[in-house]
Amino acid sequence: MLSLSSYKSITKVSNSIGNLIDLRYLNLSHTSIERLPSETCKLYHLQFLLLAGCKRLIELPEDMGKLVNLYYLDVSNTALKEMPEDMGKLVNLRHLDVSDTVLREMPIQITKLQNLKTLSDFLSANI
């Protein structure tokens, strides 16, 4: 478990985050990060990723689909404009909070998330 919630001085996540291969819970909520490094997607065992209130967060790694054990993803109250296309690979995702974001639409692969129990908002342009 790693919680750095509310540390406003955190503006960047180190690439070495990928070395924490057994990490199951990562809370970066209310920090000043703009993006997560692609090395975050090496956290195969990660189950909880909390990014709520990261008002400068504009981008998630394109290979988020590698986080197949991710159960809970909270990107509420961020500056995200789009979700990664391979979101459909997050087969264990149960909770997705995208409330208070500037998302334009959900990726088409969102329909593959058969275990999704909670979806805060659904934004549709082409679905």
Side-chain angles (χ1 to χ4, degrees):
M1 177 176 173
L2 177 60
S3 180
L4 300 172
S5 179
S6 300
Y7 283 91
K8 297 290 183 189
S9 60
I10 297 176
T11 58
K12 184 178 179 182
V13 177
S14 172
N15 290 343
S16 63
I17 191 82
N19 295 335
L20 303 174
I21 56 173
D22 290 324
L23 190 67
R24 295 181 190 281
Y25 179 95
L26 179 58
N27 187 351
L28 297 169
S29 296
H30 306 286
T31 61
S32 297
I33 62 171
E34 293 182 9
R35 57 184 45 89
L36 287 176
S38 61
E39 285 78 9
T40 306
C41 298
K42 293 179 181 177
L43 303 175
Y44 177 76
H45 298 288
L46 192 66
Q47 294 175 339
F48 293 83
L49 179 56
L50 302 140
L51 301 166
C54 293
K55 295 182 186 238
R56 296 182 180 179
L57 183 67
I58 57 172
E59 183 178 47
L60 293 175
E62 282 300 316
D63 48 354
M64 283 284 290
K66 291 181 180 179
L67 298 174
V68 294
N69 289 304
L70 196 63
Y71 180 88
Y72 189 101
L73 176 59
D74 188 346
V75 293
S76 62
N77 201 18
T78 63
L80 278 179
K81 292 182 181 175
E82 62 184 17
M83 298 293 285
E85 288 297 319
D86 69 349
M87 289 291 293
K89 295 179 182 175
L90 300 177
V91 294
N92 290 305
L93 193 65
R94 304 274 192 297
H95 175 88
L96 176 59
D97 192 341
V98 295
S99 59
D100 298 319
T101 62
V102 292
L103 284 173
R104 296 182 209 128
E105 64 185 15
M106 301 302 284
I108 195 78
Q109 286 197 9
I110 197 85
T111 59
K112 294 183 180 180
L113 301 179
Q114 295 180 1
N115 290 314
L116 194 63
K117 303 290 183 217
T118 307
L119 177 61
S120 62
D121 294 315
F122 187 81
L123 307 154
S124 175
N126 297 321
I127 297 179

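Here the CD1-NE2 distance, from Ile21 to His45, works out to 6.5 Å after rounding to the nearest 0.5 Å. The CZ atom of Arg24 sits 11.5 Å away from atom CG of Leu43, with the distance rounded to the nearest 0.5 Å. One finds the CG atom of Asn115 at 8.5 Å from the CG atom of Leu113 (value rounded to the nearest 0.5 Å). Taking CG of Leu23 as the start and CD of Gln47 as the end, the distance is 10.0 Å to the nearest 0.5 Å. One distance of note links CG of Asn77 with NE2 of His30; it measures 7.5 Å at 0.5 Å rounding. A distance of 11.0 Å separates CZ of Arg94 from CG of Leu70, quoted to the nearest 0.5 Å.
Across all their heavy atoms, Tyr44 and Asn69 have their closest contact at O-ND2, 2.9 Å. Taking every heavy atom of both residues into account, Val102 and Ala79 meet most closely at CG2-O, 3.4 Å. Pairing each heavy atom of Leu36 with each of Leu28, the nearest pair is CD2-CD1, 3.7 Å. A pairwise comparison of heavy atoms in Pro84 and Leu60 identifies CG-CB, 3.8 Å as the closest pair. Among all heavy-atom pairs drawn from Met83 and Val75, the shortest one is SD-CG2, 4.4 Å. Ser14 and Pro37 make their closest contact through O-CG, 3.9 Å (heavy atoms, listed as atom of the first residue, atom of the second, distance).
The shortest side-chain heavy-atom distance between Leu26 and Leu20 does not fall under the 4.5 Å cut-off. The shortest side-chain heavy-atom distance between Leu51 and Leu80 does not fall under the 4.5 Å cut-off. Taking 4.5 Å as the limit, some side-chain heavy atom of Tyr25 sits within range of a side-chain heavy atom of Leu50. In this structure the side chain of Glu85 never reaches within 4.5 angstrom of the side chain of Gln109, judged on heavy atoms. Taking 4.5 Å as the limit, every side-chain heavy atom of Lys81 sits out of range of all side-chain heavy atoms of Ile58. Two residues are said to be in side-chain contact when any heavy atoms from C-beta on lie closer than 4.5 Å; Glu34 and Glu59 fail this criterion. Between Leu73 and Met87, the closest side-chain pair of non-hydrogen atoms falls below 4.5 Å.
Atom CD of Glu39 is surrounded by more than 12 heavy atoms from other residues, nucleotides or ligands within 6.0 Å. Environment of OH in Tyr71: sparse, with no more than 12 heavy atoms of neighbouring residues, nucleotides or ligands closer than 6.0 Å.
At a threshold of 4.5 Å between side-chain heavy atoms, the hydrophobic network of Ile, Leu, Val, Met, Phe, Trp and Tyr places Leu46 and Ile17 in one connected group. Both Ile10 and Leu2 are members of a single hydrophobic cluster when ILVMFWY side chains are connected at heavy-atom separations under 4.5 Å.
A side-chain contact (heavy atoms from CB on, under 4.5 Å) with Ser99 is found for exactly one of Leu96, Asp97, Thr101, namely Asp97.
A parallel orientation is assigned to the rings of His95 and Tyr72, their planes being inclined by less than 30° (bins at 30° and 60°).
Side-chain atoms of Asn92 come within 3.5 Å of backbone atoms of Val68 as a donor-acceptor pair (strictly under, hydrogens ignored).
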